[in-house]
Number of protein chains: 2
Amino acid sequence: MPATIRDVANRAGVSVATVSRLLNGTGRVGPDAAARVQAAVAELGFRPNGMGRSLKSRRSRLIGVMIPSLGNPVFADAVAGIEAEARAAGFTLLFGVSNYDAAEEQRAVEALLAYRVDGMILTVAAPATSPALDSLDQAGLPHVLIYNQPAPTRAVPTVTVDNVAAGRAVALHMVALGHRRLGMITGALGGSDRAAARLAGFLDGARASGLPRPCVHEVDFEAPDPDAALKAFASGPDGLPTALFCSNDWLAIATIGALTRQGLSVPGDVSVFGFDGIALGAHLNPPLATVVQPSRAMGGIAARHLIALMTADGDRPAPGSAPPGSAPGHHLLPFTLRPAGSAGPVCFTRPTPSMAPVETTGNAAKQAPAASPVADLDLSTRTS
Amino acid sequence: MPATIRDVANRAGVSVATVSRLLNGTGRVGPDAAARVQAAVAELGFRPNGMGRSLKSRRSRLIGVMIPSLGNPVFADAVAGIEAEARAAGFTLLFGVSNYDAAEEQRAVEALLAYRVDGMILTVAAPATSPALDSLDQAGLPHVLIYNQPAPTRAVPTVTVDNVAAGRAVALHMVALGHRRLGMITGALGGSDRAAARLAGFLDGARASGLPRPCVHEVDFEAPDPDAALKAFASGPDGLPTALFCSNDWLAIATIGALTRQGLSVPGDVSVFGFDGIALGAHLNPPLATVVQPSRAMGGIAARHLIALMTADGDRPAPGSAPPGSAPGHHLLPFTLRPAGSAGPVCFTRPTPSMAPVETTGNAAKQAPAASPVADLDLSTRTS
DNA sequence: TTGAAAGCGCTAACAC
DNA sequence: GTGTTAGCGCTTTCAA
């Protein structure tokens, strides 16, 4: 049974009010009383009960975090950023996972809401229709989205990159490398608005380059089956693309593995592009070509923004009513293209990549990191 | 301002006790009253305040989780396992990170303790000397270690694999592949008792095989610099080993990257073994040879064990005193060796691997996954 | 500078 | 079945 503030007060021969004041630095406390309290706290190993404190003070110093999955390192990175920032500000994280599912999002958010978190940082499947965001709005709880696309129908601050522009940049880069048959493998679009945005940008880039609409195949986020997707491509009218865009690095790595198992070389036979820029990608062989987004910083910025929101909320403008004219403070972070090993120039001398288990040995002459016209595209940070 | 139980009671025309009883399923409630309460709850969007509930009931339904870092996917996997199990049992996670540092562990544990978590699952740097575990013991809070070595001096349940045996198995496997110059790159031993155990087993295996003591180099966990470690090897008396054991997959992947950048081929020039079995490793090219531990299951088992502990704790044996004769219920999970692409037979025809940026092209004849005598070693689960 | 006292939202005796 | 009530540990007026 942990010591309570009353125990401390008794032992120090003061009132609980004095103990509270000293511990919170609110109001003056005499030096002798202070000393006695300090001693009592130490002797009793007193640790203020956060529950009692929260109940009375009506602020929990808890931040809720909800992400689709921990399996994708990109989310773990963001959480690391959030954690560091939150801790520095004296907040603790309450944590939930949604598995890319709207109903589970709702459940997770309810669970965090039950503990009266002071604010929340989350990634949802589809902001526009998210019941979880409805709950948050209705509760009037400050929250910030990360990774999600800014939702026109919601006034919720969002920290992300321009996924459409990034998707477009990938297409243009592929075209610049000489590719004409592009394709995309994406996680379930219903579970990820950003995947949808990346796809939209990608298609737009292809169209702008005068190419036919690239083939697109969806796979499951949790247990992606890239082999099936590749088969689907191969059995389509155009065969396997020479350049594949995967909606995230996780998927891209699995896809490269599948291609390799099929006896195809990357990027010799097929170029593969990922999205996220997870740290591991840079260590692959060949290094993963990808769109690098600053995940950790994204988490940190979201946390700082949220904390500002929460503290400003002491004098909340009006319960539930957002300032009519003001934008909700979106942060559009810069992304960069990493035009690394897994994406190379198209090889015209090579026959159309086939899925037959032919031993395709050639390695396209250990190319130096392709000098790309789009290399390290860098959008400067914008805040709206 | 969220609705309270009193609001609901008023609206339903019953007492708060009735509302509480209905919501918690404790005690009978008349059908008409029940209906009115249900309605009121729905209309008010009532969500019971977890703080109030915890304060009164003296159980928070919160589980604290503290890990060294989210940067290493192996911990994220374990947390995913914990989360799934905890959620199924109606618990929510309070989350902290220690950065492999004992002082930070202490801080993080204090933070979680402040919210009166019902129990805790954590990985510490060194169980024997961990101030965080001291706090936990002193608080009499049920807790379970994961990944850590079972500490002889502490009666704390631990879910892990036999790191010593695994380290030994790696050494024996390397020897079986013909390697004679072994080496190890490990994360800071002071920050990881399991790295130390893996090292001990590895050294033991080398010794048992009649080899001289392998060279060992420590690197930082957070920002490992494998290049420096490789240089250190190269400038040592024995030069670069032909087989390198890295204390985790993260490190192994970074090391392979460094070797490749140096113009050395893996496993042609140097075989590399990791530890953890993170999912990404299997998709690498070559696939990462590693010791696979069941991280997600590890988290799940730890959570189940903890929950059992917590509920049994209603009638705690005696505050602080562990049952004298009984073992604390360690779970030693099975590990398997994945003898994949990054570890191959030593190549005797090749000159001693050097660090000079000579263009070493040879790829050791695209070997099939070495048929290893130790393949898929499998210890059965033991519970002590 | 200090103390007394009133709750924060909830559960759990205890009465009826 | 249902209501009354006493706190859980804490912060915070309000007096002194």
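Here is how names work: the chains are called A, B, and so on, in the same order as the sequence lines, proteins then strands, and each is numbered from 1.
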Write down the distance between [atom1] ([X]) and [atom2] ([N]), rounded to a whole number of angstrom.
{"X": "A:R47", "N": "D:dC10", "atom1": "CZ", "atom2": "C1'", "result": "16 Å"}
{"X": "A:R6", "N": "C:dA5", "atom1": "CZ", "atom2": "P", "result": "11 Å"}
{"X": "B:D32", "N": "D:dT2", "atom1": "CG", "atom2": "C1'", "result": "11 Å"}
{"X": "A:R61", "N": "D:dT11", "atom1": "CZ", "atom2": "C1'", "result": "14 Å"}
{"X": "A:L44", "N": "D:dC10", "atom1": "CG", "atom2": "P", "result": "11 Å"}
{"X": "B:D7", "N": "C:dC8", "atom1": "CG", "atom2": "C1'", "result": "13 Å"}
{"X": "B:R53", "N": "D:dC10", "atom1": "CZ", "atom2": "C1'", "result": "20 Å"}
{"X": "B:R59", "N": "C:dA12", "atom1": "CZ", "atom2": "C1'", "result": "14 Å"}

[X]-[Y] side chain donor-acceptor pair, cut-off 3.5 Å:
{"X": "A:Q149", "Y": "A:T158", "value": "no"}
{"X": "B:T123", "Y": "B:N148", "value": "no"}
{"X": "B:S295", "Y": "B:Y147", "value": "yes"}

Counting only N and O atoms by type, is there a donor-acceptor contact under 3.5 Å from the side chain of [X] to the main-chain atoms of [Y]?
{"X": "A:H330", "Y": "A:V156", "answer": "yes"}
{"X": "B:N10", "Y": "B:D7", "answer": "no"}
{"X": "B:R61", "Y": "B:A89", "answer": "yes"}
{"X": "A:R59", "Y": "A:S54", "answer": "no"}

Just how large is the angle between the end axes of the helix from C:dT1-D:dA16 to C:dC16-D:dG1, five pairs per end, to 10 degrees?
40°
Of the nucleotides [options], which has the atom closest to the [X] side chain?
{"X": "A:R28", "options": "D:dG3, C:dC8, C:dT1", "answer": "C:dT1"}
{"X": "B:R21", "options": "C:dC8, C:dA5, D:dG3", "answer": "D:dG3"}
{"X": "A:A17", "options": "D:dT4, C:dG9, C:dA4", "answer": "C:dA4"}
{"X": "A:L55", "options": "C:dA12, C:dG3, C:dG9", "answer": "C:dG9"}
{"X": "A:K56", "options": "C:dG9, D:dT11, C:dA13", "answer": "D:dT11"}
{"X": "B:I5", "options": "C:dG3, D:dC10, C:dT11", "answer": "C:dT11"}
{"X": "A:F46", "options": "C:dA4, D:dC10, C:dC8", "answer": "D:dC10"}
{"X": "A:S20", "options": "D:dT11, C:dG9, C:dA12", "answer": "D:dT11"}
{"X": "B:A33", "options": "D:dT2, C:dA12, D:dT11", "answer": "D:dT2"}
{"X": "B:P48", "options": "C:dT2, C:dC10, D:dT4", "answer": "C:dC10"}

When you match B:G52 and B:P31 each to their closest nucleotide on DNA chain D, which lands nearer the 5' end?
B:P31
Phosphate-side-chain proximity, [X] and [N], N/O vs OP1/OP2 below 4.0 Å:
{"X": "B:S15", "N": "D:dG3", "result": "yes"}
{"X": "A:R58", "N": "C:dC8", "result": "no"}
{"X": "B:N24", "N": "C:dT11", "result": "yes"}

Is the shortest heavy-atom distance from the side chain of B:T160 to the side chain of B:H331 under 4.5 Å?
no
If each of A:A34 and A:V16 is mapped to the nucleotide of DNA chain C with the nearest heavy atom, which maps nearer the 5' terminus, i.e. the 5' end?
A:A34
Residue pair B:M51/B:T26 against DNA chain C: nearer the 5' end by closest nucleotide is B:M51
Using the salt bridge (Lys or Arg N to Asp or Glu O under 4.0 Å) rule, take A:E104 and A:R107 through it: C-alpha gap first, then chi angles, then the decisive distance, then the call.
CA-CA 5 Å; A:E104 294 220 50; A:R107 175 203 50 72; 3.3 Å; yes
